[in-house]
Amino acid sequence: MTDSTEISPAARPLDFIRQIIAEDLHSGKHQQIVTRFPPEPNGFLHIGHAKSICLNFGIGMENNSPCHLRFDDTNPSKEESIYVESIKKDVQWLGFDWGRNLFYASDYFDRLYDSACQLIKLGCAYVCELSAEEIRTYRGTLTEPGKESPYRDRTIAENLDLFQRMKEGEFDEGSRVLRARIDMNSPNLNLRDPVLYRILKVTHHRTGDAWCIYPMYDYTHSLSDAIEGITHSLCTLEFEDHRPLYNWFLDTLKTEYHPRQIEFARLNLTYTVMSKRKILQLVQGGYVEGWDDPRMLTISGLRRRGYSASAIRKFCSDIGIGKKESWIDMSVLENTAREALNETAPRVMVVLNPLKVIIDNYPDGQIEEMEAQNHPQRPEMGSRRVPFSRELYIERDDFMEEPPKKFFRLGPEREVRLRYGYFIRCVSVVKDAATGEITAIHCTYDPETRGGSAPDGRKVKGTIHWVSAPHAISCPVRIYDRLFLTENPDADRNVDFKEHLNPNSLTILDNCMLEPSLGKAQAGEQFQFERQGYFCTDLIDSQSGTPVFNRTVTLKDSWIKTDKGSHKP
RNA sequence: UGGGGGAUGGUCUAAUGGUAAGACAGCGGACUCUGACUCCGCUUAUCGAGGUUCGAACCCUCGUCCCCCAGCCA
């Protein structure tokens, strides 16, 4: 990707973070800036991470400066290399390049250990033997000060010895921690002697069994930023309270670099959940078919759903960066997909819920090839030929025996245009004697209207899509809808968010009729099924010749609004 | 009720002492061989009360409401 304006159009005013960076560059505080995206490899990336990725890497591209990808892998009990791989893939797929700047916090374990010893020597850290419960009690509460640990005033030599023995595996998990020695009376709980290291006798996905003590986030993060010479360390609002601690580490250890932490509001989207913990529950509980289920707002799910990387980048740019907790409506994301796909997706005709049409006056056995444009607004995308014959399929929704007022489609005695085909008029309806279900309709066509226009200038109000029955390719199409029924599934603490799952988030239509050109669709190709929506061939389940389609998003439909329900797909 | 943040149409975002703007949503209309796209129009906002000022969304004071923090998670 070379066009950085695509990511942040020049016309858009700078967000507050970019303003700070511009000032720092202008004032000479920094000649070059360095940002970083620091995921923990304990799950797949989602749309919320995309916001952070676009921010950090976007700033990098705009300023021609590096943006590091650093895995914050300090908790081996939750982290796995499969997540490392998926994260790298997703960042690249989104269009970003970390170049040589791929790092792991675990790369710094030795330096982090040395710095911890340094803190001990400074009298700023000590080995504490309080249990986890005791530490919690000693920490105090929001309104009451904490109490100092009885181990707080050990000698430096004793602390050094104990810490080394922690490292050497002499002690049990949970029996000791290394703590910073700051202020048990601080109104900021993060400063009440936070834990720096804990004993975890767990194999790490990169360092194996080399370590049995692992550093905590706050300590690791600030030092890793300093080690890498990060200038602006961008994180979400909940870390605002941690900033004094972040700074304390850097100030106390007098690091060469002192990055500035700046916090921005995380992304909230309606009709979904964003927390990794909850997403994990959906995956592990089998509520979805995996991290990359097209209903998931993971990067891999969105990719499979048919969202392009540029659409996701556009979305992240559109929503902006601020400090106000905000909820973006899902329709904004959906609209971004439509906007992107409208430009690029070739148009095709597919009948999702087929209804047989027999054209009584069309010669039996005759086949014509109709010229259809691939994109009416972009003639350079060319055209294709679609076969037309006596028996066709049309959409069940496009026929009503007793049509309401503003229904422009087919009904008894009504005439409509078959797109790129002929005008047809319905002459009779065939029903199943037992169920009363309409099984087919009979029509006549006007041979003068070939291609879809009438020489006599007569107008029809409706144009519907169709597929020639003998030529149609039957195919499953997966209709995806929002995963949740409520705007904020998390809203009520007393109700499990899974209660709000949409039971109809996936509908498989297994007898859809594709126009023949779709037989050679490649996995991942995107199309507009005219009058229906944007669809793509599934990346995983599509075989060449036997495609499986996923609905990315519907087209806007103003008929559905006037009709109020009876027409809902 | 300790500390840290935040309040601009229904939802986001801008305006940084000088005409409150844009996007999405909604409503109405035009166009149309996609009830799509496109185009046009409309409704709707500065949390409240004071103050400073010729002039305040912006500065000051006092309130109100919302979010975050008591993991050996990140």
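Protein chains get the first letters and strands the later ones, always in sequence-line order, with residue 1 at the start of each.
Among the protein residues, A:Arg419 comes within range of the nucleic acid bases, having at least one heavy atom under 4.0 Å from a base atom. Residue A:Arg347 is in base contact, counting any heavy-atom pair closer than 4.0 Å across all strands shown. Looking at heavy-atom distances under 4.0 Å, A:Ser331 makes contact with sugar-phosphate atoms alone, never a base. Backbone-only engagement by A:Val332 is indicated by non-hydrogen atom pairs under 4.0 Å involving sugar-phosphate atoms exclusively. Within the nucleic acid shown, A:Leu130 comes within 4.0 Å of at least one base atom, counting heavy atoms only. Using a 4.0 Å heavy-atom criterion, one finds that A:Asp318 contacts no nucleic acid atom at all. Residue contacts shown for A:Pro39 are absent, as no nucleic acid heavy atom lies under 4.0 Å away. Here A:Tyr197 lies out of heavy-atom contact (under 4.0 Å) with every strand. Note on A:Gln528: a base of the nucleic acid sits closer than 4.0 angstrom, heavy atoms only. Here A:Glu173 lies out of heavy-atom contact (under 4.0 Å) with every strand. If you check every strand for non-hydrogen atoms under 4.0 Å, A:His242 touches a base. Within the nucleic acid shown, A:Thr336 has no heavy atom closer than 4.0 Å to any nucleic acid atom. Residue A:Lys406 is in base contact, counting any heavy-atom pair closer than 4.0 Å across all strands shown. Within 4.0 Å of A:Leu142, counting heavy atoms only, lies at least one base atom of the nucleic acid.
Remark: A:Arg266 is not in phosphate contact with B:C67, judged by side-chain N or O atoms under 4.0 Å from OP1 or OP2. The phosphate of B:A36 (OP1 or OP2) has no side-chain N or O of A:Asn342 nearer than 4.0 angstrom. Close to B:G71, at under 4.0 Å from its OP1 or OP2, lies a side-chain N or O of A:Arg139. Remark: A:Lys556 is in phosphate contact with B:A25, judged by side-chain N or O atoms under 4.0 Å from OP1 or OP2. In this structure, A:Lys324 reaches the B:U13 phosphate: one of its side-chain N or O atoms is under 4.0 Å from OP1 or OP2.
Checked by distance alone, A:Asp557 brings no side-chain donor or acceptor within 3.5 Å of a matching partner on the base of B:G35. Residue side chain A:Arg136 does not reach the base of B:G71 through any donor-acceptor N/O pair under 3.5 Å, judged by distance alone.
The aromatic ring of A:Trp559 sits over the base of B:G35, with ring centres less than 5.5 Å apart and planes tilted by under 30°.
The gap from the P atom of B:G48 to that of B:A7 amounts to 14 Å, rounded to the nearest Å. When the P atom is used for both B:U61 and B:C66, the distance is 23 Å, rounded to whole Å. Comparing the same atom, C1', in B:U44 and in B:G22 gives a spacing of 15 Å after rounding to whole Å. The same atom, C1', is picked in B:G41 and in B:U34; the two are 24 Å apart, to the nearest Å. Across B:G10 and B:C27, the matching C1' atoms stand 13 Å from one another, rounded to whole Å. For the C1' atoms, the distance from B:G29 to B:C67 is 43 Å, rounded to whole Å. Comparing B:C42 with B:C68, their C1' atoms are spaced 40 Å from each other, to the whole Å. For the C1' atoms, the distance from B:G2 to B:A70 is 11 Å, rounded to whole Å.
In the set B:C69, B:A74, B:U34, the nucleotide with an atom closest to the side chain of A:Asp241 is B:C69. You'll find that the side chain of A:Gln377 is closest to B:C37, out of B:C37, B:A25, B:G2. You'll find that the side chain of A:Arg531 is closest to B:U34, out of B:U34, B:G2, B:C12. Relative to the side chain of A:Met216, the nucleotides B:G5, B:G71, B:U34 differ in distance, and B:G71 lies closest. Among the nucleotides B:C69, B:A14, B:A74, the one closest to any side-chain atom of A:Leu189 is B:C69. For A:Val195, whose side chain is taken as the heavy atoms from C-beta onward, the closest listed nucleotide among B:U13, B:C72, B:C73 is B:C72.
Note: A:Tyr422 and A:Phe388 meet the aromatic proximity criterion, with ring centroids under 6.0 Å apart.
Seen from the ring of A:Phe171, A:Arg176 counts as a face-on cation partner, given the 6.0 Å and 45° thresholds. With a 6.0 Å cutoff to the six-membered ring centre and a 45° limit on the axis angle, A:Lys323 does not count as a cation-pi contact of A:Phe264. Cation-pi geometry between A:Arg482 and A:Tyr271 is met: under 6.0 angstrom from the ring centre, within 45 degrees of the axis.
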Dump the intermediate steps for side chain to side chain donor-acceptor pair (under 3.5 Å) on A:Ser106 and A:Arg206, then the final yes or no.
CA-CA 7 Å; A:Ser106 53; A:Arg206 293 190 77 240; 3.1 Å; yes
Please step through side chain to side chain donor-acceptor pair (under 3.5 Å) for the pair A:Asp329 and A:Ser331, ending with a clear verdict.
CA-CA 5 Å; A:Asp329 198 279; A:Ser331 66; 3.0 Å; yes
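Between the C1' atom of B:G22 and the CD1 atom of A:Ile328 lies a distance of 14 Å, rounded to the nearest Å. Put simply, CH2 on A:Trp327 is 18 Å from C1' on B:U13, counting in whole angstrom units. Between A:His465 atom NE2 and B:G35 atom C1' there is a gap of 12 Å when expressed in whole angstrom units.
In terms of position along RNA chain B, the nucleotide closest to A:Gly320 lies nearer the 5' end than the nucleotide closest to the other residue of the pair A:Thr463 and A:Gly320.
A donor atom on one side chain and an acceptor atom on the other are not found under 3.5 Å apart for A:Asn374 and A:Arg347. Residues A:Glu228 and A:Tyr108 bring a donor and an acceptor atom of their side chains to less than 3.5 Å of each other.
In textbook terms, a nucleotide whose glycosidic angle is within 90° of 0 is syn, while B:G5, being further out, is anti.
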